[in-house]
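Okay, handing you the structure first.
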Amino acid sequence: MTHHPFTRRIIEVIRRIPRGRVATYGGVARLAGNARAARQVTRVLHTLSQKEGLPWQRVINREGRISLRPGAGYETQRRALQAEGVHVDDTGRVNLEEYLWTPNPAHFALEDDAE
DNA sequence: AACCTGACTTCGG
DNA sequence: TCCGAAGCCAGGT
């Protein structure tokens, strides 16, 4: 499906988050080219996770916590993360110092429509 | 065809 | 450090 360029970049960044690691909404937005577009990441995850088969569980908020609320996806996301080795504590928090994915930004800046 | 919303962050005072 | 306002924009109503 033909998405706008920025939407496509967001999708690509999300697809590159390694298994067992996490990224923040803002971080994905920054790598996609616009640090202030965190809400667009939210939008993409909400509307395209299923269609694009995205590893949506790897995106959490800036505080290292799962944003989804209990009964509305929180449990599913927590299980999915733990299943790939990411420890999530009782309050839905992940230690970013340990699990945050930190790729070289320059790598993404050069690609417009990688795969 | 406006208007509202959202799994958020950053900015400026 | 804290808080409201701004930024972002495709989808659903």
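Quick note on labels: first sequence line is chain A, next is B, and so on, each numbered from 1.
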Partner of E84(A) under salt bridge (Lys or Arg N to Asp or Glu O under 4.0 Å), picked from R21(A), R78(A), R58(A), R79(A), is R58(A)
In whole angstrom, what separates I14(A)'s CD1 from dA7(B)'s P?
14 Å
Could you say whether A38(A) or H4(A) is positioned toward the 5' end of DNA chain C, judged by the nucleotide with the nearest heavy atom to each?
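That would be A38(A).
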Rounded to whole Å, please give me the gap between CG in N34(A) and P in dC11(B).
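Going from CG in N34(A) over to P in dC11(B) covers 11 Å.
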Identify whether any heavy atom of R58(A) sits under 4.0 Å from a base atom; if not, whether one sits that close to sugar-phosphate; answer base, sugar-phosphate or nothing.
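If one applies the 4.0 Å heavy-atom cut-off, R58(A) turns out to touch nothing in the nucleic acid.
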Give one of base, sugar-phosphate or nothing for I60(A), where a contact means two heavy atoms less than 4.0 Å apart.
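Sugar-phosphate only.
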Looking at L31(A), N34(A), I10(A), which hits side chain to side chain contact (heavy atoms under 4.5 Å, CB included) with V41(A)?
I10(A)
Give R43(A) one of three labels, base, sugar-phosphate or nothing, depending on what nucleic acid heavy atoms sit under 4.0 Å from its own.
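R43(A): base contact, heavy atoms under 4.0 Å.
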Side chain of L45(A) only, heavy atoms from C-beta on: which candidate in dT10(B), dC8(B), dA7(B) is closest?
dA7(B)
Atom-to-atom span, CZ of R65(A) to P of dC8(B) - whole angstrom
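Computing the R65(A):CZ to dC8(B):P distance gives 11 Å.
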For Q77(A) and for A35(A), find the nucleotide of DNA chain B with the closest heavy atom, then tell me which residue's nucleotide is more 5'.
Q77(A)
Donor-acceptor pair, side chain of R8(A) and main chain of H3(A), under 3.5 angstrom:
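Checking the backbone N and O of H3(A) against the side chain of R8(A), a donor-acceptor pair under 3.5 Å is found.
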State whether a side-chain donor-acceptor pair under 3.5 Å links R9(A) with H4(A).
no
Ion pair check, E12(A) and R15(A), cut-off under 4.0 Å:
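Yes, this pair counts.
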Within this structure, what is the CG-to-C1' distance between N61(A) and dT10(B), rounded to whole angstrom?
14 Å
Reading DNA chain C 5' to 3', which nucleotide is the first, and which the last, to come under 4.0 Å of any heavy atom in chain A?
dG7(C) to dA10(C)
Between dA7(B) and dG4(C), how many Å separate the two C1' atoms, rounded to a whole number?
22 Å
Between T24(A) and R62(A), which heavy-atom pair has the shortest distance, and what is it?
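Taking every non-hydrogen atom into account, CG2-CA, 4.1 Å.
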Nearest-Å distance once atom P is located in both dA6(C) and dC4(B):
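One P to the other, the span is 16 Å.
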Quick check on DNA chain C: between R36(A) and T7(A), whose nearest nucleotide comes earlier from the 5' end?
R36(A)
Respond yes when some side-chain nitrogen or oxygen of R62(A) is under 4.0 Å from OP1 or OP2 of dT10(B), and no when none is.
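It does, given that an N or O in the side chain of R62(A) lies less than 4.0 Å from OP1 or OP2 of dT10(B).
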Check T42(A) against Y25(A) and note the closest heavy-atom contact, atom names and distance.
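Minimum heavy-atom separation between T42(A) and Y25(A): OG1-CD2, 3.8 Å.
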Rounding to an integer number of Å, can you tell me how far Y25(A) OH sits from dT5(B) C1'?
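Going from OH in Y25(A) over to C1' in dT5(B) covers 15 Å.
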In whole angstrom, give the distance that lies between atom CG of L48(A) and atom C1' of dA7(B).
13 Å
How is S49(A) classified with respect to the nucleic acid when contacts are heavy atoms under 4.0 Å: base, sugar-phosphate, or nothing?
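Base, at least one base heavy atom under 4.0 Å.
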